Each structure stands twice: as C-alpha cells, then as structure tokens.
Amino acid sequence: MQHKGLSKLEQQRREKLAKLQQLGVDPYGGRYDGTESAETVRGRYVDNQEGQRACVAGRITLLRDIGKLVFITLRDWTGAIQLGISKQLLAAQWDIVKLLDLGDLIAAKGTLGRTKTGELTIWVDMFTVLAKALLPPPEKFHGLADVDLRYRQRYVDLWANPDVMVRFRQRCQILDTIRRFLQDRGFVEVETPMMQAIAGGAAARPFITHHNALNIDLYLRIAPELFLKRLLVGGMERVFEINRNFRNEGLSTRHNPEFTMMELYQAYGDYHAMMEITESLITTLAGQQGTNGSLPFGELNIRYARPWRKARYADLVKEYAGCSIDDLPAIRAKAKSMGIAEAGMDDAVVINEVFEGAVEHHLVDPTFVMDYPAALCPLTRRSKTDPRYAERFELYIGRMEVANAYTELNDPQVQEDNFLRQLRGQTETMATMDEDFVTALKYGMPPAGGLGIGIDRLIMLLTNATSIRDVILFPLLKPAPNELPEEPAAE
RNA sequence: GGGAGUGUAGCUCAGCAGGUAGAGCAACGGCCUUUUAAGCCGUAGGUCUUGGGUUCGAAUCCCAACACUCUCACCA
C-alpha cells in the first residue's frame with residue numbers, strides 16, 4: 001500500500017540515519033536519565049535569574065532553521081518547550097543538528113532563558129539523538145485529520161494532535177478518582193471472569209470463543225453482574241469491578257463492541273443508596289473537570305449542579321408522549337404514530353419503544369429515570385407498594401444512558417421464575433438459565449443495591465467527546481485490506 | 001442491512017456546466033544568529049480508491065465494487 005512517494009521520503013531519512021552513524025552517533029539512543037517534563041520546567045522557571053539549567057526529552061514537532069541558529073519545538077506528553085540551538089554554542093555537534101528532522105526523538109540539556117519575544121527557551125549545549133524517525137509526521141498545523149487514520153495510527157494521533165493526549169490522560173485521572181472515591185467508601189475492587197460458560201447479567205448477543213483443552217465454547221462476558229452478586233452471597237459486602245464487557249452488536253458513536261463498565265454492589269443498600277453514590281461520584285468528577293457546575297457536550301451545555309432531577313418512568317412517558325403507560329391502546333396508538341411496528345411486540349417492549357422515542361432526547365441534564373415496568377427487569381426487586389414496577393433507575397445525561405441501577409432481587413424463587421419467563425420469550429443465545437446463580441441465591445444473598453456506570457460514555461461527557469471512539473485508545477475497526485485473511489473465491 | 005456524504009501529492013485541502021491536475025505544509029538545493037504554522041529564491045513529487053461504461057476526449061457524467069464518516073436499524 002505504501003508506494004513510491006513515501007518510500008522516497010523514507011529513503012532520504014535512511015540516508016540521514018546512515019550519516020549519523022558515520023559521525024559515530026547511535027540513532028536509536030538508549031537509557032537517558034535526569035530529564036524533566038516540559039510542564040515541570042515551565043513551572044519552576046524564575047524570570048531574571050541566571051544559571052537555571054534544564055534537561056528534557058521529546059519529539060521534534062516544529063523546526064525553524066535560521067541558518068546558524070535553529071529553534072526546535074520539543075513535545076513530550078505534558079506539553080511543549082522550545083529549544084534554541086546556536087552554532088556558536090554547539091559547534092562540535094553542528095553537523096548532527098543539521099541532520100535532525102521533524103518527528104525525531106531527542107534529549108537536550110542547556111541553560112534556560114527567554115528570547116526577544118518572551119518564549120521560554122532551553123539554550124542547548126548538549127543533545128542526544130534518541131530515535132531517528134524514518135517516516136515523516138503529518139502536516140504540522142492541521143495534524144492528522146483523517147478520522148480513520150487517526151484511529152488506526154493512534155501512535156501518531158497522540159502526539160500529532162495534543163488534545164488527544166490530554167483527553168486520554170484525563171481518562172486515567174477520572175478512573176483514579178473513581179477508584180479512590182469507592183475505596184474511601186469501603187468498596188474493594190475485584191475481578192470476575194471475562195470468559196463465561198453462560199453469558200448472563202444482561203440481554204445482548206455475546207461473542208463466542210473456544211477453549212481447546214476442555215473442548216467447550218465460552219462466551220466473552222456481556223456483564224459481570226451475576227458473578228459480583230455471588231460475591232455478595234460469599235460475604236463480600238462492598239465490591240466493585242472496572243473492566244471490559246463485550247457485546248456482539250453494531251458500532252456507533254455511542255457503542256463499541258468492547259466497552260468499559262464499572263459495576264458495584266453494596267450489601268444492605270437499595271436503589272436510593274445507588275442514586276446517592278451516583279450523584280455524589282459524578283458531581284465530584286464533573287467538579288474536577290470543569291468550571292462552575294456545568295460542562296459543554298457537543299452542542300449541549302450540561303448542568304451538573306445537585307440535586308439532580310428524579311422522575312418516574314411512567315410520569316416521563318405521560319409528560320413527553322402524552323399517554324399513560326397503563327392505557328395500552330393509547331400507548332400502541334402513540335407507538336404507531338411514531339412509526340414503530342408495534343403489532344407483534346410485547347406490551348412492555350412497546351412502552352419502552354415509546355419511552356426511547358419520545359422521552360430520551362429531552363433528558364439533557366442528569367436525570368434519574370425511576371421505577372421501570374417490572375417486565376423489563378428480571379434481576380430487580382419489585383416495588384413493595386406496587387409490584388407492577390421494579391426498583392430500578394437509569395441515569396440519563398446528554399440524551400445518553402450512562403448508568404443503570406437497582407435494588408437487587410434476592411428471592412431465589414422469583415429469580416428462577418423470571419429466568420424461565422425470559423427463556424420462553426427469547427430467541428437464539430439471548431438468555432440461558434444460570435442455575436448455579438439461583439443456587440447461590442438459595443444460600444441467602446443480602447438485600448443490596450447494585451449500580452453499573454458506562455465508563456466510556458461518562459468520559460465522553462466529562463471530556464466533551466461526542467464519539468466513543470475518541471475516548472477509547474484503539475476502537476474496533478475493520479482490519480485494513482492487507483490485514484484481512486484471504487477470502488474464499490466462491491460467491 | 002437502509003439512507004446521506006466522502007475518497008485528488010507523505011499530510012491538509014482546492015479543482016467537478018467533460019479538454020489527461022493545483023495550493024499550503026512536509027521533502028530536496030540555496031540565503032539567513034531571536035524564530036513561533038519563521039521568511040525569501042529555486043527543484044522535485046500524482047495509475048485523481050478500484051473496475052467497467054458514455055464520449056473524439058473523464059479527476060469531473062453513469063454503473064458496480066471497496067473503504068471511511070454521519071445517520072437509522074440491531075443493542076433491556
């Protein structure tokens with residue numbers, strides 16, 4: 001795929017590499033101690049104070065050759081700093097300076113100062129080549145813009161588009177905060193199987209894989225829920241897991257087949273306790289990211305100020321769709337008017353279609369949607385006052401479902417009945433009876449609240465990324481043509 | 001899978017009432033010791049995604065394929 005033009009540019013760089021070697025320079029460096037980040041150097045510099053030294057390493061992203069003076073913009077993962085290299089100061093290494101290219105990795109030492117225009121600059125008196133780049137970097141001003149290329153070559157995107165680095169470092173910071181927040185509340189982090197004999201805990205099509213030694217098919221998990229609740233039975237009272245789920249579904253700006261989910265379970269809690277945790281956690285995170293209680297998300301401006309809106313599912317349908325979820329003819333009429341093929345659908349499913357079509361896009365600021373129809377919630381305890389509803393909420397922010405939580409069902413009899421009812425309604429692999437889970441419940445699971453937060457979507461909201469692919473380092477892509485396996489010739 | 005859009009130099013993009021290609025950056029050669037997307041002079045770089053068709057003539061029009069983006073569908 002890479003043709004003449006490119007290999008010519010590469011050829012030129014290989015020649016420079018050979019020249020470096022002739023000058024006795026190892027173009028691929030080695031261990032280099034004593035560097036500081038660009039950010040640190042900027043932070044500690046004091047104006048009008050002589051003799052401040054600095055040592056940095058990074059990639060050459062801009063190079064301005066003024067003849068006997070060269071300015072380099074050196075970028076590391078904290079930011080950029082300018083190097084000034086003068087022939088007078090660096091006569092011994094001048095031949096090497098002239099062989100530097102955009103994209104090369106170098107380390108440099110020197111004295112700090114400011115130029116006429118006030119730019120903080122390291123006046124270099126020693127530098128080391130750490131890695132010669134054989135391929136040219138993308139255009140220096142626009143960066144790498146081709147969306148597909150950015151995902152395929154994230155290793156270029158990360159430094160060619162500095163916002164990308166900032167966002168992924170924010171992602172790490174957000175995850176740190178989540179872990180600390182939960183640990184402070186007494187939760188412990190656990191890891192449960194990603195490969196499961198029965199893919200349970202959600203309704204989604206799983207990926208199938210095979211274990212050779214046991215000669216069994218296994219599923220990549222679609223949710224950790226049933227294992228985490230087994231831990232409640234085992235006496236682990238506050239657990240959480242942050243890990244990948246896999247769902248064999250289409251891709252979109254809000255869906256990646258593998259995505260990161262945080263699930264937690266708290267013994268003796270309920271869904272109101274989960275609301276408190278959710279609201280407290282996410283407002284903490286929003287406060288850390290943002291300004292005065294609100295953050296932009298695409299065209300939207302989302303207000304995170306507490307308290308968040310709480311609204312019953314049924315009330316929202318009435319408010320935005322104009323009909324009661326108990327009035328099935330009206331619901332079906334509404335569904336039909338919205339273009340939903342409601343004829344063969346289950347009542348609860350029709351209601352949910354109306355909800356998704358009529359209500360969701362109104363839910364911009366954080367909103368807890370409470371009390372779902374029980375038929376939609378096989379793992380949830382029903383309301384004691386009105387068993388038609390389940391003690392469940394979903395949190396919507398920016399028109400997206402971000403969290404899902406409920407009072408866990410701990411009655412083994414009801415759980416078994418729900419599984420059986422689900423089995424009757426489902427096609428293909430969507431549901432399998434997990435008898436061992438029912439057995440676990442028979443030993444007694446404490447009443448508990450459980451919560452799942454879609455981490456990727458949360459990070460989208462907190463970092464103003466409107467595509468999930470911008471918060472996942474390597475989103476799933478169709479392999480490039482030359483990576484695809486040979487296709488059988490048959491049509 | 002449906003709909004809309006995109007595919008031109010290494011990168012970012014022009015060119016599309018049909019007459020076989022342009023700019024900026026990057027590259028190469030030259031000048032320049034305070035630049036900031038440095039500047040100036042010069043040079044080189046293209047099977048216009050692929051395959052058919054219409055035409056005297058196609059980057060441009062038509063058909064098909066491939067890839068990507070957005071969107072809908074699938075997704076409790």
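Reckoned from all heavy atoms, side chains included, excluding hydrogens, waters and symmetry mates. Quick caveat, the model's predicted, so the values are computed rather than measured. Naming convention: chains lettered A, B, ... in sequence-line order (proteins, then strands); numbering from 1 in each chain.
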>> Both A/Ser467 and A/Tyr372 contact RNA chain B. Which one's nearest nucleotide lies toward the 5' end?
In response: A/Ser467
> B/C70 P sits how many Å from A/Tyr151 OH, rounded?
Replying inline: 7 Å
>> Please give me every residue in residues 72-91 of chain A whose heavy atoms get under 4.0 Å of an atom in RNA chain B, ordered by residue number.
In response: A/Gln82, A/Gln88
> Who is the Watson-Crick or G-U wobble partner of B/U43, with both distances under 3.5 Å?
Replying inline: B/A27
>> Taking the nucleotide of RNA chain B with the nearest heavy atom to each, does A/Leu144 or A/Arg114 sit closer to the 5' end?
In response: A/Leu144
> When the distance from CZ of A/Arg399 to P of B/C72 is rounded to whole Å, what number comes out?
Replying inline: 12 Å
>> In whole Å, I'd like the distance from the CZ atom of A/Arg152 to the P atom of B/C11.
In response: 14 Å
> Is the closest side-chain heavy-atom distance between A/Ile72 and A/Val124 below 4.5 Å?
Replying inline: no
>> For the C1' atoms, the ones on B/G19 and on B/G1, what distance do you get once it is rounded to whole angstrom?
In response: 42 Å
> Rounded to the Å, how far apart are A/Phe71 CZ and B/A37 P?
Replying inline: 13 Å
>> Please determine whether a side-chain nitrogen of the Lys or Arg among A/Lys16 and A/Asp101 lies less than 4.0 Å from a carboxylate oxygen of the Asp or Glu.
In response: yes
> What is the base-pairing partner of B/A14, counting Watson-Crick and G-U wobble geometry with both distances under 3.5 Å?
Replying inline: none
> Out of B/C72, B/C75, B/A38, which has the shortest distance to the side chain of A/Ile66?
Replying inline: B/A38
> Which residues satisfy the salt bridge (charged side-chain N to carboxylate O under 4.0 Å, His left out) test with A/Lys98, sequence neighbours excluded?
Replying inline: A/Asp65
>> The side chain of A/His255 is closest to which nucleotide in this list: B/C70, B/C75, B/A67?
In response: B/C75
>> Between B/U35 and B/U50, how many Å separate the two P atoms, rounded to a whole number?
In response: 46 Å
>> Could you tell me how far B/C56 sits from B/U20 if I compare only their C1' atoms? Round to whole Å.
In response: 14 Å
> Which whole-number value in Å describes the distance from A/Glu353 CD to B/C72 P?
Replying inline: 14 Å
> Taking the same atom, C1', in B/G7 and in B/U49, what whole-Å distance lies between them?
Replying inline: 6 Å
>> Measuring from the side chain of A/Ala145 (C-beta onward, heavy atoms only), which nucleotide among B/A38, B/U35, B/C13 has the closest atom?
In response: B/C13
> Is the shortest distance from a Lys or Arg side-chain nitrogen in A/Asp315 or A/Lys318 to a carboxylate oxygen in the other one below 4.0 Å?
Replying inline: no
> Roughly how far apart, to the nearest Å, are B/A23 and B/U71 at atom C1'?
Replying inline: 33 Å
>> If I pick the P atom on B/A73 and the same atom on B/G46, what distance separates them, to the nearest angstrom?
In response: 46 Å
> How does protein contact run along nucleotides 21-29 of chain B, one letter per nucleotide 5' to 3', with B for base contact, S for sugar-phosphate only, - for none, heavy atoms under 4.0 Å?
Replying inline: ---BBSSS-
>> If I take atom CG in residue A/Leu251 and atom C1' in nucleotide B/U71, what distance separates them, rounded to the nearest angstrom?
In response: 14 Å
>> Counting only Watson-Crick pairs (N1-N3 plus N6-O4 or O6-N4) and G-U wobbles (N1-O2, O6-N3), all under 3.5 Å, who is the partner of B/A58?
In response: none
> Does A/Glu319 pair with A/Arg309 as a salt bridge, N-O distance under 4.0 Å?
Replying inline: yes
>> Would you measure the distance from the C1' atom in B/C13 across to the matching atom in B/A26 and give it in whole Å?
In response: 14 Å
> Under 4.0 Å between a Lys/Arg side-chain N and an Asp/Glu carboxylate O for A/Arg14 and A/Glu10?
Replying inline: yes
>> What is the distance, to the nearest angstrom, from the CD atom on A/Glu356 to the P atom on B/C72?
In response: 12 Å
> Do the side chain of A/Arg59 and the main chain of A/Gly103 share a donor and acceptor less than 3.5 angstrom apart?
Replying inline: yes
> Which nucleotide, B/U36, B/A44, B/C75, lies nearest any side-chain atom of A/Glu249?
Replying inline: B/C75
>> For a quick check, tell me whether the side chain of A/Thr115 and the base of B/U35 share a donor-acceptor pair closer than 3.5 Å.
In response: yes
At a cut-off of 3.5 Å, list every protein nitrogen or oxygen paired with a nitrogen or oxygen from nucleotides 41-43 of chain B, distance to 0.1 Å.
none

> Does B/A17 adopt a syn or an anti glycosidic conformation, taking syn as a chi angle within 90° of 0?
Replying inline: syn
> Between A/Glu360 (CD) and B/A73 (P), how many Å, whole number?
Replying inline: 10 Å
>> Would you say A/Thr111 and A/Arg53 are linked by a side-chain donor-acceptor pair, where the criterion is simply a distance under 3.5 Å?
In response: yes
> Touch check for A/Asn248, heavy atoms < 4.0 angstrom, all strands: base, sugar-phosphate only, or nothing?
Replying inline: nothing
> With sugar-phosphate meaning primed atoms plus P, OP1 and OP2, does A/Arg150 contact a base, only sugar-phosphate, or nothing at under 4.0 Å between heavy atoms?
Replying inline: nothing
> Which base sits across from B/A67 as a Watson-Crick or G-U pair, both distances under 3.5 Å?
Replying inline: B/U6
> At their closest point, which heavy atom of A/Asn464 faces which heavy atom of A/Phe297, and how far apart are they?
Replying inline: OD1-CA, 3.2 Å
> Which pairs count as salt bridge (Lys or Arg N to Asp or Glu O under 4.0 Å) when at least one residue sits in residues 241-255 of chain A, sequence neighbours excluded?
Replying inline: A/Arg221-A/Glu241, A/Arg244-A/Glu258
> Can the positive tip of A/Arg312 be found less than 6.0 Å from the middle of the six-membered ring of A/Tyr389, inside 45° of the ring normal?
Replying inline: yes
> What orientation do A/Trp123 and A/Phe71 show, parallel under 30°, tilted 30 to 60°, or perpendicular over 60°?
Replying inline: perpendicular
>> Give me the distance, rounded to whole Å, that separates B/C63 from B/U54 when you measure between the C1' atoms they each carry.
In response: 11 Å
>> My understanding is that only residues two or more places apart in sequence, or in another chain, count here; which of them pass side chain to side chain donor-acceptor pair (under 3.5 Å) with A/Thr253?
In response: none
> So what does A/Arg247 hit on the nucleic acid, given a heavy-atom distance under 4.0 Å: a base, only sugar-phosphate, or nothing?
Replying inline: nothing
> In terms of side-chain geometry, is the basic nitrogen of A/Asp163 or A/Arg167 positioned less than 4.0 Å from the acidic oxygen of its partner?
Replying inline: no
> Should the ring pair A/His362 and A/Tyr320 be called parallel, tilted or perpendicular, given that the plane angle runs from 0 to 90° and is split at 30 and 60?
Replying inline: parallel
> With sugar-phosphate meaning primed atoms plus P, OP1 and OP2, does A/Leu477 contact a base, only sugar-phosphate, or nothing at under 4.0 Å between heavy atoms?
Replying inline: nothing
> For the side chain of A/Trp123, counting heavy atoms from C-beta on, which of B/U12, B/U35, B/U34 is nearest?
Replying inline: B/U34
> Hey, is the side chain of A/Arg64 poking within less than 4.0 Å of OP1 or OP2 on B/A38, counting only N and O atoms?
Replying inline: yes
